[in-house]
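Just so you know, ligand 1 is whichever comes first in the structure, and atom 1 is the first atom listed for that ligand. Nothing fancy with the numbering, it's 1 onward along the sequence. Side-chain atoms are counted along with the backbone in the values below, which use heavy atoms only and exclude waters and symmetry mates.
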Amino acid sequence: MPPKKPGTMASLWTLRNDIQHTTAHGIPNIFRARHWFRRSLWAAFVMFAFCCAIWQCMEIIMTFYSYPLHEKMRLISDSKLMFPAVTICNLNSVRHSSLKKNLALNNTFLDFCLAQRWNSTGYPGAARDATRCASSFSKFASEFNRLSDEEKLDMGHQLEDMLIFCSFHGEPCNTSFFSGFINYKFGNCYTFNSRMRTDLRGRSIISEPLNTTKAGFIYGLHLELFIQQIEYVRDITHSAGIRLLVHNHLATPFPEDEGVNIPPGTETDIGITKVVIRRLKHPYGSNCTDGEGIPNFYHDLYGFKYTREACKRSCAQQSIMKHCGCSHWEFAVPPGLQYPKCNFSSPATRRCLELYEYKFAQDILPCHCPLQCKEELYSLTVSGSQWPATAFLDKFSSNLRDKGGQLRAIADIPQDMRDNMLKVVVYYQKLNYEDISEEPSITDIDLFSSVGGLVGLWVGISLCTLAEFLELAVNVVLIVAHACLSGSSQGPASPGPMASREGPPI
Ligand SMILES: *[C@@H]1O[C@H](CO)[C@@H](O)[C@H](O)[C@H]1NC(C)=O
Ligand SMILES: *[C@@H]1O[C@H](CO)[C@@H](O)[C@H](O)[C@H]1NC(C)=O
Ligand SMILES: *[C@@H]1O[C@H](CO)[C@@H](O)[C@H](O)[C@H]1NC(C)=O
Ligand SMILES: *[C@@H]1O[C@H](CO)[C@@H](O)[C@H](O)[C@H]1NC(C)=O
Ligand SMILES: *[C@@H]1O[C@H](CO)[C@@H](O)[C@H](O)[C@H]1NC(C)=O
Ligand SMILES: *[C@@H]1O[C@H](CO)[C@@H](O)[C@H](O)[C@H]1NC(C)=O
């Protein structure tokens, strides 16, 4: 919108007018001031404010790009909570009776190891003996690993023998609620509410997720277990009971590293509280991942979700496969990869394994294993009491006699019952859970409003002011264009700035 008679001077006057009346406070004041001193003071102040605004905006923008975060904790109440998966493993991995049939396995035990145990610190060579004991277990684990899954399964404790009584939320349950897996240290482990479709032997099981609609002891999972101490192998198991883990059904359970031990002769009550942790992905500091593109053999084998522990173990297995040429018994083997199982008796393999076990223990393998983005933890409150109580013994022993088999044999002697039977109850203490999530400290909108606020505070510039400056720029362009046009229409005879003063250009 060019003015009707825009001589260059007139145009410059409009520009000056524009600047004087800009809504960026401060600038008009420079023009308004009459005295040069005031004018320069105003100019200096405007410059100063401008620098401050730029400096503080830079600070804010730099903070934003360092991606700060904070943690927010909420307590969420729910009328219904999914019951977690509960994994139980007998502390003894193979049954003594089945061991007798397997000569190779029987020969791996070093009696020596047991005899010297109690004396292991007080004589020269103690350290060497401790190493021999550790490698005695490795030798056993390596031999055990060579068996087929079917054989391993048969050698361990059977859920059918162990589970005497089961109830959940007041309803009876049975072995068809349990799936399982084979662990190198504890043999057969059984998982309640795992939501897998089949159990260890491939029979279909109840896979519907189980919910809790009431907190408290009676609405929990009640298990009575027979741990079969008569089947314990003294060379591999020095304590009796079961290992119990409470975990999300998609998280890989590692009974050798997690969980609590439940002793026989007790009723152990485990109150659980759920905690959900959510982390932010890159570029935020925790760099969490959902596991895409990261090898996770536990997912390939069992369908478990990504966790950092599963990643570390998969990575260790990969290193061992690559450098030792065989698969370690301690870690999952991906289906379809044809590697022989490690033979601990061969010296070269043994040295290689020991090196990589050391590296795994020291966490110096070159693994990229970020934390998982969503994690569900269960904090346990464990308490115990004697079980069965003396007054209840008679009734209990007659119950056991009715069941027959090995149970009949222990039913007569109270000490035998207390050595072999245990009860465990797992229940939600309350139906609310803690949700701890990471949140960005500065969002895009926060950044925008902070910068806007700072600029407004120091130099009084808003978006509308920016639009004014844009208009100013357009005006300048127009004026320059006019000047050039009128200059060329006057011809080469009257060049220079004087020309535009003389007449209307258009
Ligand atoms: C198994 O080993 C033990 C000693 O470690 C021995 O007494 C027993 O006879 C062996 N059993 C068989 C079947 O070889
Ligand atoms: C401990 O071991 C040493 C050497 O083997 C032996 O002389 C000593 O009697 C042992 N002590 C006990 C208490 O068994
Ligand atoms: C286990 O319980 C389910 C339902 O509660 C029942 O259908 C099934 O027959 C039971 N299985 C055995 C082996 O008792
Ligand atoms: C538990 O809740 C889930 C979803 O809320 C539902 O799909 C499932 O059927 C429930 N389980 C039972 C046993 O009702
Ligand atoms: C997160 O990832 C970035 C690059 O992907 C890396 O520079 C940074 O060190 C990682 N931070 C952590 C805590 O792993
Ligand atoms: C394991 O290694 C030992 C020693 O090298 C050897 O005697 C044994 O036959 C090997 N076992 C198998 C199953 O290859």
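Near K80, with a cut-off below 4.0 Å to any heavy atom, the atoms of ligand 4 are 2 (O), 5 (O). Of all atoms in ligand 6, numbered sequentially from 1 with element shown, those under 4.0 Å from a heavy atom of S346 are 2 (O), 4 (C), 5 (O).
For atom 9 (O) of ligand 3, no protein heavy-atom neighbour is present inside the 4.0 Å cut-off. Counting only heavy atoms, the protein gets under 4.0 Å from atom 14 (O) of ligand 3.
Counting protein heavy atoms only, atom 1 (C) of ligand 3 is closest to N174 ND2, 1.5 Å. Of all protein heavy atoms, the one closest to atom 2 (O) of ligand 4 is N211 ND2, 2.5 Å. At the top of the distance list for atom 4 (C) of ligand 6, counting protein heavy atoms only, stands S345 O, 3.7 Å.
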Derivation of the salt bridge (Lys or Arg N to Asp or Glu O under 4.0 Å) call for R279 and E438 = CA-CA 5 Å; R279 300 187 181 88; E438 286 182 351; 5.0 Å; no

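Because its NZ or CZ atom is both nearer than 6.0 Å to the ring centre of F254 and within 45° of the ring axis, R313 counts as a cation-pi partner of that residue. In this structure, K359 forms a cation-pi arrangement with Y356, its terminal cationic atom sitting closer than 6.0 Å to the ring centre and no more than 45° off the ring axis.
Residues V333 and L301 form no side-chain contact, since every pair of their non-hydrogen atoms from C-beta on lies 4.5 Å or further apart.
Between F192 and F177, the ring planes lie parallel to each other; the angle is under 30°, not in the 30° to 60° tilted range.
Residue P209 places at least one N or O, backbone or side chain, under 3.5 Å from an N or O of ligand 4. Of the polar atoms of N343, at least one N or O is found under 3.5 Å from an N or O of ligand 6, judged by distance alone. An N or O contact shorter than 3.5 Å is missing between T175 and ligand 3 by distance.
For the residue pair S346 and N343, no side-chain donor N or O sits within less than 3.5 Å of a side-chain acceptor on the partner. A side-chain N or O of T87 and one of H247 form a donor-acceptor pair less than 3.5 Å apart.
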